[in-house]
Amino acid sequence: MQSVRRVAVIGGNRIPFARSNSRYAHASNADMLGAALDGLVARFGLAGQRVGEVVAGAVLKHSRDFNLTREVVLGSRLDPHTPAYDIQQACGTGLEAAILVANKIALGQIDVGLAGGVDTTSDAPLAINEDLRRTLIQLNSARTLGERLKIAAKLRPHQPFKPEIPRNAEPRTGLSMGEHAARTAARWGVDRQAQDELALRSHQRLAAAYDRGFFDDLMTPYLGLTRDQNLRADTTLEKLGSLKPVFGAKGPDAEGATMTAGNSSPLTDGASTVLLASEEWAREHSLPVLAWFSFNEVAAVDFVHGDEGLLMAPAYAVPRMLARAGLTLQDFDYYEIHEAFASQVLATLAAWESPEFCKDRLGLDAPLGPIDRDKLNVNGSSLAAGHPFAATGGRIVATLAKLLAEKGSGRGLISICAAGGQGVTAILER
Ligand SMILES: CC(=O)CC(=O)SCCNC(=O)CCNC(=O)[C@H](O)C(C)(C)COP(=O)(O)OP(=O)(O)OC[C@H]1O[C@@H](n2cnc3c(N)ncnc32)[C@H](O)[C@@H]1OP(=O)(O)O
């Protein structure tokens, strides 16, 4: 029987997040993850050390990157004997990477590990149309000039050479994340004012956290940025209220469209990492523990054949996790609910307050009930910081762990919705 050990969050490091096609336009995933990792290695004196495992990933990855995380480790100051691999769980990637590392530490398979994530929509991989791609592959493997000419003859001038630009859309529905979220917002009657207020709070709180130096030991400046570029400390409800709806604004959803560039997370470039370890490893290395990684849970919803919203899976994962942990939704000092869209946060909270949803969908006798909104995303979240998909989990784990360390005790809930109808959730404690 393997032992289950406590898993410590020792710290985190990320680079400031940049708006897409802006400051990091020429940086690759490897560059950015490398910068975040290098900062973590330097901060915790890991240079030359063989770490148990490094797990990270990117939602958008070039085929040339193969095992991106291993490449980044080989380019870092970690001992090259450190194993490393990529995972991909859409926007849940960063948190799922931390869960994988935490589980291995808990089981005693490794003593210390790094988790992370990176994404860039500025350097997204392009595909070419299927016929052309296959013809070019055949051409590349042709052995004789005759074979090459025969295959090349298949290349017709009218064959479309236009690249296929990756869309932020669900393959099975063709709808973008925003369009899906707009349907969920309409289903839950989430109004524009509430979304804009949530967005405003996100900016105000992130700005306040920067001003009090909260991120000083969680961040390494990169390419001239010292703060998240999307942060608008001076935004107002009036400015937010003046923005035109961008999702659900056409077709049958046109009426009552509420989602704007201000209350949707922006397309973003960035990377984050966290350091997890066993209690013994932390003690041996004289490193203080910020918080303990305790429960985690994933869920998936059938948004294709069923009528559930694409990004509603956390609404199912969290109650399952609470049941295992013997906790109620109110037993938390902090709630970190990823702000993919303001409407998505509000729809999830509405579902937990709904007697019908909790009875019919979750099989509960009573609703989970409301949370204290003052405890929600207290240092801002993705609306203000931005959302480089796979990097969001690491940002949230490090932020929550430090919040708990500052408080000295308590419990925090992490909830991240992901494309593909999935949700990744976890609890940190101190
Ligand atoms: C993927 C998963 O697994 C799960 C998930 O997380 S789902 C979420 C995934 N992420 C997304 O889907 C990204 C969604 N976001 C987008 O596609 C784009 O950001 C968007 C279409 C919403 C907006 O794009 P855009 O039009 O290029 O934005 P941008 O130019 O920055 O802003 C438009 C205007 O709003 C203004 N604005 C934006 N935010 C503002 C704010 N907080 N305050 C005031 N003004 C603001 C800008 O200044 C700009 O004004 P001007 O036109 O006068 O310059």
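All values derive from a computational prediction rather than experimental measurement. Counting starts at 1 for both ligands and their atoms, following the listed order.
Not a single protein heavy atom sits closer than 4.0 Å to atom 51 (P) of ligand 1. For atom 20 (C) of ligand 1, the nearest protein heavy atom lies 4.0 Å or farther away.
Residue contacts with ligand 1 do not include Ala199, since none of its heavy atoms lies under 4.0 Å from the ligand. Within the 4.0 Å heavy-atom cutoff, Arg19 counts among the residues contacting ligand 1. Taking 4.0 Å as the cut-off, His338 counts as a neighbour of ligand 1 on heavy-atom distance. Heavy-atom distances between His203 and ligand 1 reach below 4.0 Å in at least one pair.
Ring-plane geometry between Phe389 and His387 is classed as perpendicular, the angle between the planes exceeding 60 degrees on a 0 to 90 degree scale with a lower cut at 30. Note on ring orientation: taking the six-membered ring where Trp is involved, the planes of Phe247 and Phe341 are perpendicular (angle over 60°, cut-offs 30° and 60°).
Interface of Thr235 with ligand 1, defined as ligand atoms under 4.0 Å from a residue heavy atom, comprises 41 (C), 42 (N), 43 (N), 44 (C). Residue Leu240 has at least one heavy-atom neighbour below 4.0 Å for each of these atoms of ligand 1: 41 (C), 42 (N), 43 (N). If you number the atoms of ligand 1 from 1 as listed, the ones under 4.0 Å from a heavy atom of Ala340 come out as 5 (C), 6 (O), 7 (S), 8 (C). Distances below 4.0 Å separate heavy atoms of Ala419 from the following atoms of ligand 1: 2 (C), 3 (O), 4 (C).
Nearest to atom 5 (C) of ligand 1 by heavy atom, out of Cys91, Gly386, Ala90, Ser20, is Cys91. Heavy-atom proximity to atom 14 (C) of ligand 1, evaluated over Ser265, Gly178, Cys417, is greatest for Ser265.
When heavy-atom distances to ligand 1 are checked against a 4.0 Å cut-off, Gln344 has no atom that comes that close, whether in backbone or side chain.
Of the charged side-chain nitrogens involved, none lies within less than 4.0 Å of a carboxylate oxygen, so that Asp269 and Arg23 do not count as a salt-bridged pair.
Remark: ligand 1 and Ser264 share no N or O pair separated by less than 3.5 Å (distance only, no angle test).
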